[in-house]
Amino acid sequence: MLKNKSILLVITGGIAAYKSLDLIRQYRKAGAAVKAIITKGGEQFVTPLSVSALCENQAYTDLWSLKDEVEMGHIRLSREADLIVVAPASADFTAKLAQGRADDLASTCLLASDKDILLAPAMNHKMWENPATQKNITTLQKRGVNIIGPENGEMACGETGLGRMSEPDTIFEETASYFRDRQRLTGLKVVVTSGPTHEPIDPVRYISNQSSGKQGHAIAEILSKWGAEVHLVSGPVSLPPPAEVQYYPVITANDMLNQVKALMTADIFIGVAAVADWRVKTPSDTKLKKAANAAPPRLEMSENTDILKYVSSAQNRPALVIGFAAETGNLMDKAKAKLKSKGCDWLLANDVTHTNNIFGSDENHVNLIKSEKNNEFSCEEWPRLSKKEVALRLAHEIANKFKRCEREGKDDKNLNLISTK
Ligand code: CTP
């Protein structure tokens with residue numbers, strides 16, 4: 001799993017740093033290339049010499065080293081890695097990372113990096129339990145940093161509690177599982193819709209909604225990272241398209257429908273977009289003007305095609321069709337009715353009564369509803385999570401579904417035939 005992978009290991013100040021030497025040994029044995037950065041604190045516990053000997057690579061320590069900058073710019077250090085592992089992560093380094101500080105080589109590299117991070121904290125249990133540390137950890141998790149441990153046990157200071165760094169075996173296993181996940185959706189084509197649509201009234205005005213596209217983009221990003229071929233059809237949003245997805249910007253619901261049609265067939269369709277239900281029947285070619293004493297203009301509306309419904313009932317229906325439902329009140333009943341009427345397999349439903357809590361926010365509070373045998377449903381409420389975490393959970397659900405079919409010897413491409421409906 002780790003063969004030919006490139007890992008950037010950051011060793012910060014903590015007695016557990018000695019365990020990182022064993023971790024390097026395990027990575028190397030598994031065929032990974034390891035480059036290491038040791039912070040000033042880390043150097044108190046392990047020497048650059050021992051780290052570089054095990055890595056068979058120079059250990060980097062200094063942000064201002066002219067020699068290192070010439071040979072390998074500090075930005076390149078993180079860019080060339082497939083994954084960054086911070087082990088041990090001290091309380092101080094965790095705080096630095098959460099705040100986005102860049103005052104040494106390790107923090108600068110991580111701030112300049114777009115690579116995923118596995119972080120194995122190690123600190124005294126009181127430091128771990130401190131609300132400041134807990135807040136930093138939550139901040140990092142919301143940003144998509146994977147936290148490994150810490151474990152319960154006796155500490156170097158003689159106290160006992162939660163704060164010991166996970167064993168090198170565990171960190172190694174988590175690293176392998178990270179790379180395993182990267183292949184879980186290989187071979188699957190996914191179409192995701194995201195963002196709002198704009199329905200023109202005249203050349204300068206439109207009808208839209210508050211969708212930011214954050215949830216749809218996060219889903220597209222993680223599925224692509226897990227190896228799927230992802231096509232993201234997005235209404236106007238201010239987010240950059242995630243790396244490595246094929247991106248199709250659209251404006252109106254009609255544009256979105258046509259783009260989705262053009263992309264069919266697919267294995268999975270996920271309708272995350274807040275598609276406008278109606279459009280102005282005949283948008284004005286010229287700007288509507290106020291006139292003295294004239295009544296406000298009346299807008300005649302036409303209904304837009306329901307893209308999710310269209311895909312669910314298409315002849316070349318994807319094996320798995322997933323929708324979202326934004327409801328105000330009576331969530332479960334409305335969501336179940338919506339799942340049935342749309343004909344999709346799964347629905348992620350959220351209550352948008354207090355719109356500021358969801359639209360535009362980095363968090364989401366969803367219920368996953370699955371259509372089961374005999375007109376039954378299974379429902380699972382997920383805690384309030386960051387949109388990235390919701391995306392990650394959904395990726396696991398999707399991968400498990402396809403894996404189960406594989407195990408049962410059923411054809412992934414005909415998942416709908418064997419889905420639990
Ligand atoms: N959807 C779609 N095409 C539309 C309208 C909605 O594909 N024209 C999809 C959304 O992407 C989402 C799901 O349908 O996956 C539910 O969207 P939602 O706005 O909650 O519901 P509506 O279908 O618009 O129904 P209503 O507004 O009556 O609740």
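Numbering of ligands and ligand atoms starts at 1, following listing order. Worth knowing before you read on, the calculation uses all heavy atoms, side chains too, and leaves out hydrogens, waters and symmetry mates.
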What is the closest protein heavy atom to atom 12 (C) of ligand 1, and at what distance does it sit?
-> Phe324 O, 3.0 Å
Shortest protein contact, atom 3 (N) of ligand 1 (heavy atom only) | Ile307 N, 2.9 Å
With a cut-off of 4.0 Å, which atoms of ligand 1 are near a heavy atom of Leu308?
-> 2 (C), 7 (O), 9 (C), 13 (C), 14 (O), 15 (O)
Flag: protein heavy atom within less than 4.0 Å of atom 21 (O) of ligand 1 = yes
for atom 18 (P) of ligand 1, nearest protein heavy atom and its distance come out as Lys338 NZ, 3.4 Å
Here the pair of heavy atoms bringing Lys309 nearest to Ser341 is CE-O, 3.2 Å
Side chains of Tyr27 and Thr175: is there a donor and an acceptor less than 3.5 Å apart?
-> yes
Which of the atoms of ligand 1 are close to Ala273, meaning less than 4.0 Å from one of its heavy atoms?
-> 10 (C), 11 (O)
Answer yes or no: is there a side-chain heavy-atom contact under 4.5 Å between Lys115 and Ser78?
-> no
For Tyr178, is the NZ or CZ atom of Arg182 found under 6.0 angstrom from the centre of its six-membered ring and inside 45 degrees of the ring axis?
-> yes
Are Lys261 and Tyr310 in a cation-pi setup, meaning NZ or CZ lies under 6.0 angstrom from the ring centre and within 45 degrees of the ring axis?
-> yes
Atom 15 (O) of ligand 1: which protein heavy atom is closest, and how many Å away?
-> Gly271 O, 2.6 Å
Just which atoms of ligand 1 are under 4.0 Å from any heavy atom in Ala325?
-> 20 (O)
For atom 4 (C) of ligand 1, closest protein heavy-atom neighbour | Val275 CB, 3.5 Å
Could you check atom 14 (O) of ligand 1 against the protein and tell me its nearest heavy-atom contact, residue, atom and distance included?
-> Lys342 NZ, 2.9 Å
Is there a heavy atom in Thr305 that sits closer than 4.0 Å to ligand 1?
-> yes
Flag the pair Ile24 / Leu9 as yes when at least one side-chain heavy-atom distance between them is below 4.5 Å, and no otherwise.
-> yes
For atom 29 (O) of ligand 1, is some protein heavy-atom partner under 4.0 Å away?
-> yes
Within residues 199-208 or reaching into it, pairs that qualify as salt bridge (Lys or Arg N to Asp or Glu O under 4.0 Å) - sequence neighbours excluded = Asp202-Arg205
Tell me, please, which residues at least two apart from Asn57 pass side-chain hydrogen bond (donor to acceptor under 3.5 Å, both in side chains).
-> none
Minimum-distance protein heavy atom relative to atom 5 (C) of ligand 1 | Asp277 OD1, 3.5 Å
Report the C-alpha distance between Trp226 and Ile398 in whole Å, list the side-chain angles of each, state the deciding distance to 0.1 Å, and finish with yes or no for side-chain contact (heavy atoms from CB on, under 4.5 Å).
-> CA-CA 11 Å; Trp226 283 29; Ile398 293 171; over 6 Å; no
Relative to the heavy atoms of Gly323, which atoms of ligand 1 are at a distance of less than 4.0 Å?
-> 15 (O)
